[in-house]
There are 2 protein chains.
Amino acid sequence: MSKRDVILKVATRLFAAKGFDGTSVRRIAEEADLSVAGMFHYFPSKEEILNEIMIGFMDEGYKRLMEIYNSDIGPVKKLEEICKFYVEHYAGHKDQLTILVSEGKSLSLEHRKVFIDKQRVYVEALKRLFDDLAKENLLKPIDSSVLAFIFFGMVHWTYSWYNPQGEIGPEELGRIFGEVLLRGVLKDTERSK
Amino acid sequence: MSKRDVILKVATRLFAAKGFDGTSVRRIAEEADLSVAGMFHYFPSKEEILNEIMIGFMDEGYKRLMEIYNSDIGPVKKLEEICKFYVEHYAGHKDQLTILVSEGKSLSLEHRKVFIDKQRVYVEALKRLFDDLAKENLLKPIDSSVLAFIFFGMVHWTYSWYNPQGEIGPEELGRIFGEVLLRGVLKDTERSK
DNA sequence: CCTTTCATACCGAGCGATCGGTAGAAATTT
DNA sequence: AAATTTCTACCGATCGCTCGGTATGAAAGG
């Protein structure tokens, strides 16, 4: 593992635990076994470290999202697969998820522009999927943006409570999310009431 | 409005926009039209301001949650009412919601204990409601904790996207949340497939 | 009625610590 | 020898917070 990657790894852990503003460059350098100046040899600024963490993680997720979206399965199945993927992906990268959710405000103006645009593209992709469902006349008449945000709410919020080592494994949780989103919490016999 | 309340109001706006660590006491004092020392006349520390904002907001919400929970309506209706209340409540207090979601980590150890305990009580209340639904045999066999967190995910996440002045009003959004949570996004005719 | 007392509400100045970041050189690798 | 990596030493700025006060007005005593 390169020194650069060590810095990213350490910073990811610290940013998630204490926040960007609550983490000093001295602490990052210390835990990466470097002097402060040594650390700044690899990154031009503290903010650039944050940016690289966030952009890298988003791009990773988007790539897989598109793979699922472009695969040759029905839209309902796609949504189920996407639920599963995100729960598993985020469960395996809790620190990155925490940073993604909490530290957008710490990015510089330019980086934040890119960040927000990537978020927008994410939401667009989900909206498109819901629009596909609507085209096949499977969907209730609900605004697809709202549906996309409901999805992201459910999934992103796992950062605050979910323990993948607990009773409910990531795959199981992904299945539950898909089920609740598609068909709700009520039993079949009660749905139409 | 007392000077104390002005400080709380200013701090709420700043903490939500820049984060606790990203907001200086100088800035709070300046915007509250006070010297730094003058501000510390009303609060023993910066952290105490944050604590008061968070605790106050949580207690307010919990009070109303219990009113609905203890009211004399069926559990399905209760859940619908709770969805509506929270969306409206949070839509009217976006800064407080942002702080609640983002700044738990900035509390002192003692305050954080209380904060986490209040969160636990919130989740317990929602779990109880889902357990009530299960007792009436209305619910799919899904862990009630997971359902509570799905609810909070949907609702809390509004902090990141929802504009109450937009096309979809708070009451409408609350209704959508209730519908999706209870019955899912699929049309009735497609549910059992 | 007038004065003394006393608590509340503030403020200017500045404390020690820490912040993000850098200059310049030594050490190491190629 | 050249390039890369890493260091020590330090910068100016800002951090949260506190000190020793002052202004004001209400209560208490004469």
Side-chain angles (χ1 to χ4, degrees), chain A residues 1-55 95 99 102-112 114-115, chain B residues 1-55 95 99 102-112 114-115:
Chain A
M1 197 186 237
S2 74
K3 210 85 208 178
R4 205 166 186 282
D5 290 340
V6 171
I7 294 169
L8 284 172
K9 190 177 159 190
V10 164
T12 300
R13 177 165 44 78
L14 291 174
F15 288 166
K18 306 266 183 186
F20 178 77
D21 286 325
T23 303
S24 69
V25 293
R26 279 158 183 78
R27 184 77 188 272
I28 299 171
E30 187 190 324
E31 299 211 13
D33 214 27
L34 271 173
S35 68
V36 172
M39 193 198 77
F40 277 110
H41 171 71
Y42 293 98
F43 293 91
S45 71
K46 183 190 175 191
E47 193 264 345
E48 196 73 46
I49 300 176
L50 176 67
N51 187 58
E52 193 157 321
I53 292 169
M54 295 183 75
I55 294 301
D95 284 348
I99 293 170
S102 312
E103 297 299 344
K105 65 172 170 10
S106 302
L107 291 171
S108 68
L109 276 180
E110 290 134 46
H111 285 153
R112 183 146 71 241
V114 176
F115 170 68
Chain B
M1 196 186 236
S2 74
K3 210 84 208 179
R4 205 165 185 283
D5 289 341
V6 172
I7 294 169
L8 285 172
K9 190 177 160 190
V10 165
T12 300
R13 178 166 43 79
L14 291 173
F15 289 166
K18 306 264 184 187
F20 179 77
D21 287 326
T23 303
S24 68
V25 293
R26 280 160 182 80
R27 183 77 187 273
I28 298 170
E30 188 190 326
E31 299 212 12
D33 214 27
L34 272 172
S35 68
V36 172
M39 194 198 78
F40 277 109
H41 171 70
Y42 292 98
F43 293 91
S45 70
K46 182 189 174 192
E47 193 264 344
E48 196 73 46
I49 300 176
L50 176 67
N51 186 59
E52 194 158 321
I53 292 169
M54 296 183 74
I55 294 301
D95 284 348
I99 293 170
S102 312
E103 297 299 344
K105 65 173 170 12
S106 303
L107 291 171
S108 68
L109 276 180
E110 291 133 46
H111 286 153
R112 184 147 71 241
V114 177
F115 170 68

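We name chains A, B, ... by the order of the sequence lines, and we start the count at 1 in each one.
For A:His41 and D:dT6, the shortest distance from a side-chain N or O to OP1 or OP2 is not below 4.0 Å.
With sequence neighbours excluded, the residues satisfying side chain to side chain donor-acceptor pair (under 3.5 Å) with A:Asn51 are A:His111. Residues forming a side chain to side chain donor-acceptor pair (under 3.5 Å) with A:Glu48 (at least two apart in sequence, or on another chain): none. For A:Arg112, there are no salt bridge (Lys or Arg N to Asp or Glu O under 4.0 Å) partners at least two apart in sequence or on another chain. Under the side chain to side chain contact (heavy atoms under 4.5 Å, CB included) criterion, B:Phe40 pairs with B:Val25, B:Val36, sequence neighbours left out.
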Check residues 5-19 of chain B and write down every donor-acceptor pair under 3.5 Å in which the side-chain atom is one partner and the other belongs to a residue at least two apart or another chain.
unit_1: B:Asp5; atom_1: OD2; unit_2: B:Ser2; atom_2: OG; d: 3.4
unit_1: B:Thr12; atom_1: OG1; unit_2: B:Leu8; atom_2: O; d: 2.6
unit_1: B:Arg13; atom_1: NH1; unit_2: B:Glu31; atom_2: OE1; d: 3.0
unit_1: B:Arg13; atom_1: NH2; unit_2: B:Glu31; atom_2: OE1; d: 2.9

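Following rounding to the nearest Å, B:Ile28 (CD1) and D:dT14 (P) show an atom-to-atom distance of 17 Å. As a whole-Å value, the separation of A:Tyr42 OH from D:dT6 C1' is 8 Å. Atom CZ of A:Arg4 and atom C1' of D:dT4 are 15 Å apart (whole Å). Per the geometry, NZ belonging to A:Lys3 stands 10 Å off C1' belonging to D:dT5, to the nearest Å. One can place CE of B:Met39 at 15 Å from P of C:dA9, the figure rounded to the nearest angstrom. Counting to the nearest Å, the P atom of C:dG12 and the CD atom of B:Glu30 are 13 Å from each other. Rounded to whole Å, the distance from CZ on B:Phe43 to C1' on D:dT18 is 18 Å.
Heavy-atom minimum distance, B:Glu103 versus B:Phe20: OE2-N, 3.2 Å.
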Once each nucleotide of nucleotides 16-30 of chain C is scored for protein heavy atoms under 4.0 Å, what B/S/- sequence comes out, 5' to 3'? ---BBBBB-------
